[in-house]
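First comes the structure, then the notes that go with it.
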Number of protein chains: 2
Amino acid sequence: MSDLLSVAKLAGVSRATAARAFSSPDLVRPATREKIFNAAQQLSFRPNKVAQQLRSQATQMIGVMVPSLDNPVFAEQLQAMEVAARASSYSLLVTTSEYSPSREEEIVEEMLRQRVDGLVLTVADAGNSAVLEKLRLENTPCLLVYNPPGNSGYASIGVDNNAAGADATRHLLTLGHERIGMVAGPLLQSDRAQQRYEGYRHAMRDAGFKPRPVVEMNRHTQADLASLTPELNGPDFLTAVICTNDLLAISLMGELQRAGFSVPGDLSVMGFDGIALGKHLYPSLCTIEQPRAEIGRTAVQTLLAMIRGESCTPAPLPHALRQGESVGIPTFRKSMLGTS
Amino acid sequence: MSDLLSVAKLAGVSRATAARAFSSPDLVRPATREKIFNAAQQLSFRPNKVAQQLRSQATQMIGVMVPSLDNPVFAEQLQAMEVAARASSYSLLVTTSEYSPSREEEIVEEMLRQRVDGLVLTVADAGNSAVLEKLRLENTPCLLVYNPPGNSGYASIGVDNNAAGADATRHLLTLGHERIGMVAGPLLQSDRAQQRYEGYRHAMRDAGFKPRPVVEMNRHTQADLASLTPELNGPDFLTAVICTNDLLAISLMGELQRAGFSVPGDLSVMGFDGIALGKHLYPSLCTIEQPRAEIGRTAVQTLLAMIRGESCTPAPLPHALRQGESVGIPTFRKSMLGTS
DNA sequence: TGAAAGAATGAGATCGATCTCATTTGTTTG
DNA sequence: CAAACAAATGAGATCGATCTCATTCTTTCA
């Protein structure tokens with residue numbers, strides 16, 4: 001691979017002049033410039049970004065860490081980030097933490113060594129995160145996505161999960177549901193899921209109903225009907241559930257229907273996130289839509305502002321209730337699993 | 001950010017020795033090593049990868065270009081690639097082409113400037129691609145994913161789309177379907193979709209049936225029922241369709257059901273790709289499963305082998321028919337849309 | 001004890017681009 | 001035509017790590 005020096009030699013000028021021909025062409029006499037460009041062409045010269053990065057002490061790279069790309073929420077966010085980054089001549093170094101704190105640390109360390117200009121992270125629990133503590137000592141700009149702001153001290157891009165959880169609940173309440181449950185992944189380990197649950201409890205109490213404990217599924221994005229069955233039985237059976245993410249909701253709907261239940265006839269199901277696919281299902285998924293693309297775009301733009309040294313306190317982005325066929329009016333029913 | 005030189009100074013040794021303490025500790029006397037590590041700790045030294053990359057002429061970075069991360073096929077592949085790459089201490093520079101040839105060129109140029117050690121690309125049409133032509137002149141290892149091998153001269157990781165298309169068709173034929181259609185995105189512009197169609201035609205002819213022309217949808221991953229309606233009508237109405245990707249199949253199923261058709265009662269629907277979600281739907285999606293994770297993993301491993309200078313001709317990976325509730329035995333029916 | 005072999009360390013060049021500052025070339029004008 | 005100024009170019013240092021080769025310091029054993 002030819003370098004600038006060989007181009008300069010072939011053109012009969014110094015490295016400095018050759019460099020100028022590219023970075024500030026107007027400082028070079030047109031004839032000289034022409035010679036340099038010709039030489040570059042001839043040698044198929046391609047500027048070496050690594051050298052530029054070392055010299056300029058800036059990589060024009062953003063380090064991105066998401067829990068997993070198997071969840072479309074993150075993939076869709078990343079898609080938007082990539083477009084936004086490229087529009088500003090930045091590249092993305094992408095990693096997945098698989099929800100593992102130790103991986104989170106390795107990854108961030110690695111990215112700091114790579115001297116990324118900034119970091120966009122989604123951590124498991126922002127309020128209690130080793131990585132974020134470590135990062136506090138660094139001066140690399142860092143931004144959270146989806147994690148609730150406030151309990152970490154870091155700026156964060158995302159929706160108000162608490163309010164969103166309440167909105168979801170109120171939607172169901174408005175339709176006449178009273179016995180509403182919340183379905184979450186294991187241990188409720190994600191801070192956003194917790195906030196959504198808070199919002200749910202708040203809305204339930206406000207309406208004069210008793211919030212229920214979370215129904216925990218074994219996996220993050222796949223429902224197991226067995227865990228829910230008890231709640232569908234007995235005098236207090238649920239008429240609606242809110243899942244902490246869309247994948248959970250979709251697989252729950254599938255399981256329910258496969259077991260002979262009707263959605264929303266027997267149980268209304270709401271999701272959370274608003275992944276694109278939910279719209280096209282039948283029944284279509286009623287969900288709280290996070291503006292995933294906008295979140296990604298805003299994250300990049302905010303981070304770039306921070307890199308430029310501007311201080312900025314991003315506001316929460318608006319979420320929206322997406323109506324869907326998976327939610328209906330509660331009908332009077334007997335216990336669906338009644339053995340009596 | 002402190003550099004090796006300051007560490008060396010603080011430890012009272014030369015840069016060379018300080019560097020050795022990290023790269024080959026056994027060449028440094030334990031006492032000296034200790035001093036250096038202490039100094040490094042004290043200055044919170046973090047090796048600069050950019051400098052290492054410049055010096056070693058290797059970035060340990062793989063450039064990845066996929067059409068879009070909004071499609072879980074690519075996201076799931078990328079997820080696996082990331083894990084595999086990190087396991088070998090490589091990083092991923094991720095970009096999306098949005099199916100645009102001009103973007104493809106910009107992206108590849110950018111990645112070459114970044115001196116990635118290798119490229120993993122999924123292009124729109126490998127047989128007719130400007131980027132690939134340009135890349136032929138470079139000596140950066142390059143690997144295709146999903147694109148059919150053969151018509152480009154590049155090694156490629158993926159399944160045998162032709163055989164897979166035939167397998168899908170034969171599955172339907174075995175169940176008794178005869179009037180089977182194929183549904184694709186706009187212009188059949190993807191080379192893999194074309195191959196799948198070839199396989200379909202082959203299988204149909206082998207079975208003594210007339211292959212039908214492709215039913216083209218307006219969008220890549222979203223079905224519009226109107227385009228299909230004519231085929232569901234008249235004496236020759238379809239009893240089954242194969243979609244060229246899962247997203248198309250899922251949205252088609254939704255549209256059909258929403259319009260009052262039953263799946264598979266009125267129409268059996270097959271997908272292609274095997275995205276994770278399909279399993280959890282109801283009806284679950286019958287599809288040809290590409291081993292997306294294995295494809296990603298193999299792509300990384302093959303590319304790393306190429307980077308090491310080993311020559312390798314990857315074999316196609318096995319696809320599998322995933323049974324699903326979206327396909328059934330054809331029932332005798334009248335034209336579903338009959339206006340008579 | 002001394003010389004030879006081996007271990008440990010340092011000086012300096014290198015990777016490729018770019019910046020500063022000095023120097024040369026070219027242009028303008030009295 | 002020469003002086004004064006502006007434009008164009010070059011020499012050399014720099015970014016941070018690492019490699020080569022030379023040098024110094026330890027061992028070891030005759």
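Labels below follow one simple rule: chain letters A, B, ... track the order of the sequence lines, proteins then strands, and each chain is numbered from 1.
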Taking atom P of dC15(C) as reference, at what distance in whole Å does atom CZ of Arg55(B) sit?
8 Å
For the rings on Phe37(B) and Phe45(B), is their centre-to-centre separation under 6.0 Å?
no
Would you mind reading off the distance between Arg46(A) atom CZ and dA17(C) atom P, rounded to a whole angstrom?
12 Å
List the residues meeting salt bridge (Lys or Arg N to Asp or Glu O under 4.0 Å) with Arg15(B), not counting sequence neighbours, and say none if there are none.
none
If only atom types and distance count, is the side chain of Thr17(A) paired as donor or acceptor with the main-chain N or O of Val13(A) below 3.5 Å?
no
Leu54(A) CG to dC15(C) C1', straight-line distance once rounded to whole Å:
9 Å
Indicate for each nucleotide in nucleotides 7-12 of chain D, in 5' to 3' sequence, whether protein heavy atoms under 4.0 Å reach the base (B), only the sugar-phosphate (S), or nothing (-).
-SBBBB
Polar contact flag, side-chain donor to acceptor under 3.5 angstrom, Gln290(B)-Gln77(B):
no
Given atom CD of Glu34(B) and atom C1' of dT9(C), what is their separation to the nearest angstrom?
18 Å
Would you say Arg192(B)'s side chain and Asn147(B)'s backbone share a donor-acceptor pair under 3.5 angstrom?
no
Answer yes or no: does a side-chain N or O of Gln52(A) lie under 4.0 Å from OP1 or OP2 of dT18(C)?
yes
Report the distance from atom CG of Asn48(A) to atom C1' of dT18(C), rounded to the nearest whole Å.
13 Å
Return the value, rounded to whole Å, for the distance between atom CD of Gln53(A) and atom C1' of dA17(D).
15 Å
Donor-acceptor contact present, side-chain Thr122(A) to main-chain Tyr146(A), <3.5 Å
no
Just the rounded figure in Å: distance from P of dG16(C) to CZ of Phe22(A).
15 Å
From CD of Gln57(B) across to P of dA17(D) the rounded distance in Å is 17 Å
